[in-house]
Number of protein chains: 2
Amino acid sequence: MLSVRLDSPVPIGEQILAGIRALIALGSLNPGDELPPVRQLAGDLGVNLNTVARAYRALEADGLVRTARGRGTRVTAATERPTGSPAEVRARLESTLTAAVADMKLAALSRDDATQLIADLLNRYWPDANQKGEPS
Amino acid sequence: MLSVRLDSPVPIGEQILAGIRALIALGSLNPGDELPPVRQLAGDLGVNLNTVARAYRALEADGLVRTARGRGTRVTAATERPTGSPAEVRARLESTLTAAVADMKLAALSRDDATQLIADLLNRYWPDANQKGEPS
DNA sequence: CCCAATAGTATCATACTGTGATACTATGGC
DNA sequence: GCCATAGTATCACAGTATGATACTATTGGG
């Protein structure tokens, strides 16, 4: 439920960070849940404990977890996570999503395929009462 | 029509690469168009010419441009761009889009806002006869 | 109350990557 | 043939990511 590719061009630490971010955002890790101790996760992934520790600190800087020496690291409640200003949030999202759209076009998807792919992902990870999709 | 942030944590070269990729994918640069000479673009952006040259080579490795010493670099026809195997394309897209969905959830968007934002982007960058949106 | 176990932190070393300075080679027009 | 143009190669350097190791804080059992 979290893996890293040591040979990837994207740094291991960032993979860990992004992976845990996604686990929290998409609901595999819930508020109050405890993250594995840095040594354990580091051992499981085959990386240095500092690499994991740094990822935890980045998550804490984002307000996604709260960490305390000797007691571990746990996921914060969604309500206590600061979000940036709406303008900068929107700007960041736009550039991320624009890149995603570019990727889809370069992958030679049809627009319908793209729409479908997105709809599937939203249904899978962001279930909504008004939608008929079932979360995995 | 292409800018870089020198102080960004994402490397300048990657910004250039991603920027040009997007310009090509989204139609601001069309097949046959010539990219600016490395020295010119480097000067405009205030970076070293090698940084631009490396981005150009990465684009060429992706098949998005063709480059020739002394003659410049131009955008290839879409038909001569290799796409990876459907499986790996889909895998790459899924991970990109999943991260984007995670970002949107963390930004505390409502699902409706997210859907709308995506629809807007698709209409803007991927006009389609069956859609009523107008490209910018 | 102390000690051991647990869990995150600090410091330092090192390899790698990104960027830049500079010199080189290929192409095309006059 | 020469010159301007345009990409390439080589080397140096700085910053970043990762790792080795030692340290500090918290908790619970005896």
Nearest-Å distance for atom pair [atom1]/[atom2], residues [X] and [N]:
| X | N | atom1 | atom2 | value |
| --- | --- | --- | --- | --- |
| A:R69 | C:dA7 | CZ | C1' | 10 Å |
| B:Y56 | C:dA26 | OH | C1' | 18 Å |
| A:N50 | C:dA15 | CG | P | 17 Å |
| A:R57 | C:dT11 | CZ | C1' | 11 Å |
| B:L41 | C:dT19 | CG | P | 14 Å |
| A:D7 | C:dT17 | CG | P | 12 Å |
| B:E34 | C:dT27 | CD | P | 15 Å |
| B:I16 | C:dG18 | CD1 | P | 13 Å |

Is it true that a side-chain atom of [X] and a backbone atom of [Y] form a donor plus acceptor pair closer than 3.5 Å?
| X | Y | result |
| --- | --- | --- |
| B:E88 | B:S85 | yes |
| B:R74 | B:G32 | yes |
| B:K105 | A:I24 | no |

With side chains defined as the heavy atoms from C-beta onward, is the minimum distance between A:L64 and B:L106 less than 4.5 Å?
->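 In short, these two side chains touch, coming nearer than 4.5 Å.
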With a 4.5 Å limit on heavy-atom distance, are the side chains of B:L45 and B:T51 in contact?
->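 Not touching, per the 4.5 Å side-chain cut-off.
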Is there a path of hydrophobic side-chain contacts, each under 4.5 Å between heavy atoms of I, L, V, M, F, W or Y residues, that connects A:L17 with A:V10?
->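 Not linked; separate clusters.
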Could you check whether [X] gets within reach of a base, just the sugar-phosphate, or nothing at all, counting any heavy atom under 4.0 Å?
| X | result |
| --- | --- |
| A:R54 | base |
| B:R39 | base |
| B:L49 | base |

Start and end of the DNA chain D segment that chain A contacts, any atom under 4.0 Å from a heavy atom =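 Contact span on the strand: D:dA17 to D:dT27.
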Determine: side-chain N/O of B:T51 to OP1/OP2 of C:dG20, distance under 4.0 Å, yes or no.
->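 Yes, because at least one side-chain N or O of B:T51 sits under 4.0 Å from OP1 or OP2 of C:dG20.
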Nearest heavy-atom contact between B:R21 and A:D103 is NH2-OD1, 2.9 Å
Using the closest heavy atom to pick a nucleotide of DNA chain D for each, name whichever of B:A53 or A:P11 lands nearer the 5' end.
->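 So the residue in question is B:A53.
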